[in-house]
Each structure stands twice: as structure tokens, then as C-alpha cells.
Amino acid sequence: MDANRTSNAVGRGSGYTSIWDLKGKVLVIAEKPKAARKIADALSQKYFVRNINNVTYFEIRDGIHQIIVASSVGHLYGLTTRENGYPVYTYQWAPLYEVEKKKTHSFNYLEALRRLCTSSSYFVNACDYDIEGSVIGYLIIKFNGDPSRAFRAKFSSLTPSELREAFQKLTRLDYEMIEAGLCRHELDWLWGINVSRALMRTVESFSKRRIILSAGRVQTPTLKYVSDIEKERNLFIPTPVYSVIPTIAKDGVKITLELVNNPIKRKNEAYALAERIRKEGFLTVESYEEHTSSISPPPPFNLGDLQEEAARIYGYSPSKTQSIAEQLYLDALISYPRTNSQKLPRGLDFKGLLTKISQISNYSGLVSELLKETKGFLQPVEGDKDDPAHPAIYPTGVKPVKLNNDQWAVYDLIVRRFLAAFAGSAVIYRSTAKFALPGVNIVFQATGQGIGNLGWYKYYPFHKPSVKALPRFREGEKVRIVEVSVKTAYTRPPQRISKIGMLRWMESVEIGTEATRATIIEKLFERKYLVNTTRGVVVTDLGLGIVETLEIFFPELVKVELTRHFERLMNDIKKGAVKREQVISEARNTLDVLIKKFNENREKVGQILSSRLGIYTPPNKCAICNREEFSNGFCTYHYKAMEQINSVYEEWREKEGISFKDYLEKIKKLKSTGKWVVEVIEHAYGGK
DNA sequence: GCAAGGTC
């Protein structure tokens, strides 16, 4: 490698530079303390461990080289403004400890980096190889060092070999990624700060109350998602679904059957069919099938999968699971948890790791069983999901000490999921018997299930399929009917909102990141857009009002597509097709138009939001609640509920042949009837 | 004080 070229043409050369060719003091900046240590380990067998203000860094010295490996702690800079009011289009980067007063820990790290930058000749951004990592390292070098003497190290895992190669193949700073990242920060800031301020000022000028309100590219579509479910549940009216359930006897065992493709439309049809079956006394076996299916182990955990499992098995909220996982990571018990990857790192010594895990008494039996079962052939299953910077979550083999119950529960899930990845598929037997009634076009069935081979369930038993016995049947066999009943069930509203459901939805539409989703969900509660009740998560009137207001005045911000739009813009910037300044100026223009329109309606919006906050009663209020009237003396929700009550009656009349009054009595008592529907019945029809 | 993004 030509040392002259590297030292003269930093930032312009298209070739690689080796860190070992740089003369003078080189400062390597990692994204987090743990990564810094791994980098130091990979670059040299010995180094000095030093510290400034309790911040540890590493110094490699060998007579020729002086390499300092230090670290950031995520972002050390944030966007801020000196202006009050809105619209606001001027902002600058400032140290995070100034912008967010709570972030005091970042002060020591930034101070240490400042001092190290001052005395260094070269800089290497060795933050995670993703857009945020590019921004984090760049801003530190820009404000404290010299970007023209800076390089980028590119690695996607912290294995020694990959790290060594990355530091021999340093490139110039990746300005394409940096510009795209800076742009994302600015766009989020412009939209978030301006719309949040618009909402707050509007309430403040109407009711003289200062209440914190917010909106943003990720939180607002998430709120819209739960708000749609809330409305659907509140307006829901169940309708009856009839089925006929025969019970048969075989070898002294009673088996209840279910209807296949239930064709029954009316109540009297159900009773007629039941009577017909009773008279017949027998059903004929139309078919009997047995089949086995094999179920592969689930992939190793990414954060979302871990959060989902901890919610399902232990009822933990996503943020609780995440903070436990972060603690386990800081205690060196598990790998980096904020990952989307379902793939274990290449080159991880599985055998060595399993041996370490077997030293932990809870797992020694399981590990020896696994080694026996696999005969030492360790090939883990992997999922499709990947992450540019981190592998799936796996245990490090470090022995846990003094974990509390919650920590143990999460750690246990991670270890078992890791073990299961190497285990064999489970084998499940399923059997289905279908029954027909001569002369009637109707089919009943019964199913059975058994476990042929536990496979990976031995290691990760939380999903174990249930066992349900079903005797063998012969085709054409006649089975005796012991009993026939008619069952009336009711249609169900969409499932109640849960935090994990919100997180899964955010993942599915790809908004937010592993590091932020749980926090953003909690933020919606902090703003009182959502509340936890004994009935589960409920969207408040304020939450519904915020969504409806934003849908009118800032419709872009309510949709998931804004994220897609930002992503396209960022890609264009990376390709050099467009400049950041141009993108920002277009965003300003868009916002400017929307804000003007919003301001023309401030009085009205202030009134609506204040009434939703419960700090103002509109003169034209709903007959049932304190919301503003929409039509016929009702607010929009109760008006819609009224419409719903009238239209769903048709279905009930056809099916049950009951009067309107009886219908109201009936649905009022059903558990899944929506809140607004019940309120209208109680109000308008004087029900008890 | 307001976003979303990192990480302790």
C-alpha cells in the first residue's frame, strides 16, 4: 500500500487505506463501548487501557503506530433550535447533553472524545455500518476533529477477522450515507417539531392551558392504527352464528364434531338440521386421513421475536423485555439485543459456546442431549430477516450470577431458543375424520393430534402442540349419535389492542427501528393518547381527536407512506440524484402550505382538542357525551353507532325473527357489543 | 417542550 497516497488524498481517493499505513496518532471511534473493546482486541494482542473522566479507551503503541480506540455512546449530537413558535425552519446540531438535559452520561463521553480528537492526526469512523453509524461518527469528527483527515471502517460483525480486514481496507468518509442520514434527521425534526408545536399552541391559545402534545412520522401512524381498531370495537354489533354439534360415540369414547364450512344461515335451519340428525341416529364416515407433518425449529431471536415471546409467555411489555435484554447485554450474558437479524454470526464457535453453556447447571442436561442428538453436527436454522450491523441474539456462555426472576425468564428464552436452533424438527401426527348425513349436503369433522417426535420442543417447550386423541375410523363406517345440540355463537370484533400487537404492526409496515419502537409506544401513553385499563389498552378521546385533526390538516403524517417517501429520498441522495438541501427545501414548502391551512382553522381545532382533553365543553355538545355535536344531536361516534344499530337490525331480524326492541335488549347484554352502541341504546331507547 | 434515532 502506498503510504504517501493515503496521507495526501484522504477523502478523495477511491482506493483502500490500511490503518497500519497511517503516520501519527490515529483516533478510532466506535459506536459503543463494547465495540471499542472488540476492535482493540482485534487490532492488537496488547494495548493500554486508559481513561478520561471515567471513560475507558484503548491505546495501541508499537513504536511505529499510535492508535487510540475510543467510543461514542450512540448519538452525541442532536438537532435543536433557538426559535420559539412555529413554523420553525432553522435548527442546528448541538451536543445531546445540552439538547436533552437528562442525557448527562453523554457529557463524559463527548468530553473524552473532544480531548482525544484535539491530539489526533487521523480519524476513523468505526461506528456500526449503517446510516446512523455514519452520522454519529461524522458529527463527532466534524465538530472536534477534521473530516478531511478521516476514514470509514466498514464491517457488519465484530469478529476479529472481519474487523482486521475492515481496518486494512479503510475508505474515505461515506458522504452518501452521511448526507442521507442527516437528511432523515432533519425531515423528522421539521415534521415532528412543527406539527407538535402547531397542536400545542392551538390548544394553548384556545384554552390558555399548556399541554404537551406531539406528532411524528412513526408515532402518528401507530396511533392511527390503534385508533381505527378502537373505533371498530366501539361500534361493533355482534351477529349470531349458528352451528349444529353432534356428539358421537366410538369404542366408548364420546367425540364432539364440528361443521365444515358452516352453511347455516337462520336459527330455524339449525334446529331443523339438528332434528333431522337426531331422527337419523347415525352419521357415515366419509373419509379418514392421517398425516404427519414436521415442524422446523424457530430461528434464533431478533428483538421483535423476543419481545413477542416474552409477551406471550410472561405477559411482559415490549419495553420491559427490551430493558431486561439491554441489561443482560451489559452484563455480557447475551449478544447485542437491538437487532433485526434471525441469523447467527458466521464463524461463531458453536461447539465451544455449547460447552460453556453446559457449565450453567440449568442447561447441562439439555446441552448434552443436544450434542448427543446432533452427534456434534451443529447446523443452526436461520430466519430470513437480517440486519446490516448485528447478528441474531444469542447467549455468550458467560455464567449468569444474581439474576432476578424477570431477567432469568428472558435469559432462559434466549438460551433455549439458541439451543433449539440446532435441534431436529418435531413430528406431529394429525388425523381428520369427516362425517356425512345421507341425503343432506353437509359435512362434519373431528380432528386429532399427537406428537411423534418432540424434536426442538424439548429445548424450547413454550409452543408445545396440544395432544388430542381421535380413534381410527373406517370409510363407510356408521357411527352412532348420542346427542345433537344447537349452538349460537356471535361474531367477534377485532382483537383488543396490545403493546406487542402495536410493535408487531410497526414491524410489519416497517416503521421505527428495533431501538425505538418500544419507546415510541410508551410515548403514546405518556401523551395520554392511550391508557391502560382493566380492559386492556384503550385509545382516549384525546388520541382519537389527534388522529382526526391530523388526518384533515397533515394527512401525510398519519400514513405509513411518509416513511416510504423519506426512504426514497434518502436513496436518491445516496445515488447522488438529488441534494439534501433540495429535499429539505421541498419539505419546508410542503409544510408551509399545510401549516397555513391549519392556522386558518385554529379556533375550530382548538375547540375540538380542548373538548377532547376534557377542559372545555362545547355549547353544541352531544346528547350523550361532551364531544362536539356532529348530527342529530350526536357526536360523530354516537351518530355512527346509531346508524350501525339500525343497519345491523336487518340481519338480526332475518336470522332470529325478533323485534327491534328485543334486538336492542339482546345486543345490549352481549359482551362484545361496542361501547358507543351500548351508550346510544341506553340513551335513546331508555334501556335499563 | 415538541421527532426519531442511537446507547448507558
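Quick note on labels: first sequence line is chain A, next is B, and so on, each numbered from 1. Worth saying up front: this structure is predicted, and the values here are computed from it rather than measured.
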Establish, with yes or no, whether the OP1 or OP2 oxygen of [N] is under 4.0 angstrom from a side-chain nitrogen or oxygen of [X].
{"X": "A:R338", "N": "B:dT7", "answer": "yes"}
{"X": "A:K523", "N": "B:dA3", "answer": "yes"}
{"X": "A:R217", "N": "B:dG5", "answer": "yes"}
{"X": "A:T513", "N": "B:dG6", "answer": "yes"}

Check: [X] ring centre within less than 6.0 Å of [Y] ring centre:
{"X": "A:F58", "Y": "A:F48", "result": "no"}
{"X": "A:F143", "Y": "A:Y77", "result": "yes"}
{"X": "A:F554", "Y": "A:F598", "result": "yes"}

Indicate the atoms forming the closest heavy-atom contact of [X] with [Y], along with that distance.
{"X": "A:T321", "Y": "A:A310", "answer": "OG1-CB, 3.3 Å"}
{"X": "A:L79", "Y": "A:H185", "answer": "CD1-O, 3.5 Å"}
{"X": "A:R197", "Y": "A:G85", "answer": "NH1-O, 2.8 Å"}

Return the value, rounded to whole Å, for the distance between atom [atom1] of [X] and atom [atom2] of [N].
{"X": "A:E132", "N": "B:dA4", "atom1": "CD", "atom2": "P", "answer": "13 Å"}
{"X": "A:I521", "N": "B:dG5", "atom1": "CD1", "atom2": "P", "answer": "12 Å"}
{"X": "A:Y89", "N": "B:dC2", "atom1": "OH", "atom2": "P", "answer": "20 Å"}
{"X": "A:D387", "N": "B:dG6", "atom1": "CG", "atom2": "C1'", "answer": "13 Å"}
{"X": "A:D130", "N": "B:dA4", "atom1": "CG", "atom2": "P", "answer": "19 Å"}
{"X": "A:E83", "N": "B:dG1", "atom1": "CD", "atom2": "C1'", "answer": "15 Å"}
{"X": "A:N340", "N": "B:dG6", "atom1": "CG", "atom2": "P", "answer": "12 Å"}
{"X": "A:Q322", "N": "B:dG6", "atom1": "CD", "atom2": "C1'", "answer": "12 Å"}

**Request:** With a 4.0 Å heavy-atom cut-off, tell me which residues in residues 218-226 of chain A come close to DNA chain B, sorted by residue number.
**Result:** A:V218, A:Q219
**Message:** What residues from residues 185-195 of chain A pass a heavy-atom cutoff of under 4.0 Å to DNA chain B?
**Reply:** A:H185, A:D188, A:W189, A:G192, A:I193
**Message:** Between A:R602 and A:S205, is there a side-chain donor-acceptor contact under 3.5 Å, judged purely by atom types and distance?
**Reply:**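 Side chains of A:S205 and A:R602: pair found under 3.5 Å.
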**Message:** Just by distance, no angles: are the side chains of A:E83 and A:T90 close enough, under 3.5 Å, to form a donor-acceptor pair?
**Reply:**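 Yes, a side-chain donor-acceptor pair sits under 3.5 Å.
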**Item:** Residue met sooner reading DNA chain B from 5', once A:L213 and A:E31 are mapped to nucleotides
**Value:**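 The residue whose closest nucleotide sits nearer the 5' end is A:L213.
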**Fill in**
Taking for A:T519 and for A:S214 the nucleotide of DNA chain B with the nearest heavy atom, the one nearer the 5' end belongs to A:S214
**Request:** Mark yes or no for a side-chain to base donor-acceptor pair under 3.5 Å between A:R210 and B:dG1, with no hydrogen or angle criteria applied.
**Result:** no
If you look at every strand shown and take non-hydrogen atoms under 4.0 Å, does [X] touch a base, only sugar-phosphate, or nothing?
{"X": "A:T516", "answer": "base"}
{"X": "A:R527", "answer": "sugar-phosphate"}
{"X": "A:Q327", "answer": "nothing"}
{"X": "A:L330", "answer": "sugar-phosphate"}
{"X": "A:G512", "answer": "sugar-phosphate"}
{"X": "A:F566", "answer": "nothing"}
{"X": "A:Y329", "answer": "sugar-phosphate"}
{"X": "A:N108", "answer": "nothing"}

**Request:** Compare all side-chain heavy atoms of A:F418 with those of A:F301 and state whether any distance is below 4.5 angstrom.
**Result:** no
Counting heavy atoms from C-beta on, name the nucleotide in [options] closest to the side chain of [X].
{"X": "A:Y336", "options": "B:dG6, B:dT7, B:dG5", "answer": "B:dT7"}
{"X": "A:M200", "options": "B:dG1, B:dG6, B:dT7", "answer": "B:dG1"}
{"X": "A:L96", "options": "B:dG6, B:dT7, B:dG1", "answer": "B:dG6"}
{"X": "A:L79", "options": "B:dA3, B:dG5, B:dC2", "answer": "B:dA3"}

**Request:** Show your reasoning for whether salt bridge (Lys or Arg N to Asp or Glu O under 4.0 Å) applies to A:R564 and A:E567.
**Result:** CA-CA 5 Å; A:R564 302 289 95 79; A:E567 285 165 352; 2.9 Å; yes
**Asked** Is the number of heavy atoms from other residues, nucleotides or ligands under 6.0 Å of A:K559 NZ greater than 12?
**Response** no
